[in-house]
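One structure is given here, and the rest of the page talks about it.
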Amino acid sequence: MMHDFSQSKILVVGDVMLDQYWTGRAGRISPEAPVPVVKVAGDEVRAGGAANVALNIAALGAQAHLMGVIGKDSHGQQLENLLSDAGVTLDWAYSESGTICKLRVLSHHQQLIRMDFENPIPVEPAQELADKVAQVVGKYDVLVVSDYAKGALQFVEQMIAAARKAGVPVLIDPKGLDFSRYQGATLIKPNQGEFEAIAGTCVDEQDLVAKAEQTLNALDLQGLLVTRSEHGMALVTKGEKPYLLKSQAQEVFDVTGAGDTVMAALATGYASGMTMQNAVHLANQAASIVVRKVGTSTVSKAELDEAIKASMRHQGYVAMNEDELLELVQLAQNNGERVVITNGCFDLLHSGHVRYLNEAAKLGERLIVAVNTDESVQRLKGPSRPIVPLEGRMELLSALSCVDWVVPFDEETPERLICKLKPDVLVKGGDYRPEEIAGSQCVWQNGGQVEVLSFWQGYSTTNIVERIQEAERQEALDE
């Protein structure tokens with residue numbers, strides 16, 4: 001397994017509801033009105049809202065404790081049975097308004113109608129819920145607040161204050177037009193429509209990031225994650241570069257509850273010690289799974305692990321950051337794969353490079369190419385280099401079938417990066433002795449090997465540049 005979440009303790013609080021599904025075949029139109037007639041053949045209930053978040057957390061193997069407001073009715077009992085059977089610990093405040101239930105009628109995997117059974121939640125159970133949270137929040141790694149604007153979170157400010165006092169991060173799925181009530185939270189996760197309703201229309205990603213940074217400062221947040229449907233996700237955190245992810249979903253059948261799954265994976269990853277960026281990457285993978293399911297669904301630990309493995313099998317993956325690459329390296333090694341690393345400027349990629357990388361790839365199952373940044377190349381080669389900017393060099397390398405992962409480094413040598421990744425094989429081309437190669441000591445200390453490959457004669461970026469310059473000089477003389 002890539003991650004072990006079993007020690008992560010997460011408190012979920014918010015609006016809970018029962019999702020009910022009636023399914024059947026719609027074979028004709030009613031003679032009474034222009035509506036389809038559904039012959040109901042199936043009746044299923046699932047947990048919705050904050051209850052679905054808790055259920056997803058439990059499915060990932062973490063410890064989920066749910067607090068919410070329900071009624072002492074059949075819907076509440078059904079919801080409690082669902083959650084208890086999944087291993088979720090429960091603590092309710094009870095309301096005479098009853099348990100919220102949403103009934104959906106489906107035919108051929110298409111939702112035909114939804115009927116909501118709900119009444120406003122009174123102040124008293126909402127206050128009781130806030131008091132319960134304040135009493136126990138210090139026992140948990142993360143507090144998740146799932147707001148569906150049903151009334152359970154009338155005193156969310158008190159919950160946030162209690163969590164901050166206890167030093168517990170607060171992750172919020174917001175609702176409504178007043179985000180000021182979430183001030184002081186660690187992170188909020190609106191979708192793009194919800195965010196634009198607050199911050200204004202975002203004309204492009206740069207505008208979205210700028211507005212997100214303004215919101216961070218205004219609300220004293222550490223991070224803001226905007227989920228963008230088919231466009232992926234955008235994470236903006238204080239003091240770090242924006243983290244923009246493309247959607248991983250190939251097919252979308254139903255987005256119902258997808259936001260709950262994203263929040264559950266995000267919270268579970270973060271509670272287990274992941275960086276916020278890596279937790280968002282995990283959540284993005286979880287979202288790609290759940291939207292291929294019909295109705296409110298969960299993503300299991302096994303499904304998530306398999307999705308991550310599948311994403312690793314795409315060659316030429318450009319790592320967003322070193323921590324993300326480290327997780328991929330560790331997963332490959334846990335699967336018995338030998339990880340090889342090499343490095344260079346790779347300015348003006350030529351056939352000598354390709355032959356060298358093909359030889360390096362034969363020493364293991366995974367090849368990492370660490371690439372000098374533009375600033376690093378300038379320090380090594382002079383102010384006229386690189387000829388091809390970093391983004392272009394990485395794109396070309398990632399297109400090679402022998403290359404699995406590409407990552408940049410800014411130092412003159414990749415020693416720090418190699419010591420962090422702990423590859424099985426370190427490869428360098430040229431007339432080096434193994435002990436002279438940067439990072440060799442770290443590789444040996446971890447039981448790995450260091451190999452030196454000969455460069456193919458007659459291939460050199462410097463020689464190519466010199467020939468081009470000579471041709472240009474000759475052309476100028478001829479004129």
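FYI, the numbering just counts along the sequence from 1. Everything quoted here is computed from the prediction, not taken from an experiment. Just the heavy atoms: all of them, side chains too, but no hydrogens, waters or symmetry mates, feed the values below.
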Review item, side-chain donor-acceptor pairs of residues 218-228, under 3.5 Å, at least two apart:
unit_1	atom_1	unit_2	atom_2	d
D220	OD2	R164	NH1	3.1
R228	NE	Q192	OE1	3.1
R228	NH1	E205	OE2	3.2

*Salt-bridge test for R393 and D374: reply yes if a basic N is under 4.0 Å from a carboxylate O, no otherwise.*
yes
*asked:* Any carboxylate oxygen within less than 4.0 angstrom of a Lys/Arg side-chain nitrogen, looking at R366 and D404?
replied: yes
*Is the shortest heavy-atom distance from the side chain of M263 to the side chain of V144 under 4.5 Å?*
yes
*Indicate yes or no: at least one non-hydrogen side-chain atom of N343 is less than 4.5 angstrom from one of V371.*
no
*Answer yes or no: does atom CD of Q7 have more than 12 heavy-atom neighbours from other residues, nucleotides or ligands under 6.0 Å?*
no
_Test item: Y148 side-chain N/O and V16 main-chain N/O as donor-acceptor pair under 3.5 Å_ = no
*Give every residue pair that meets the side chain to side chain donor-acceptor pair (under 3.5 Å) criterion with at least one member in residues 176-187, sequence neighbours excluded.*
D147-R181, D147-Y182, D178-S180
*asked:* Looking at K9 and D141, is there a salt bridge between them, counting it only when a charged N and a carboxylate O are closer than 4.0 Å?
replied: no
*Residue E411 excluded, over 12 heavy atoms near CD under 6.0 Å*: yes
_Heavy-atom closest pair, residues I418 and A438_ = CD1-O, 3.5 Å
*Report yes or no: do D424 and Q449 form a side-chain donor-acceptor pair below 3.5 Å?*
no
*Any Lys/Arg nitrogen of K381 or D347 sitting under 4.0 Å from an Asp/Glu carboxylate oxygen of the other?*
no
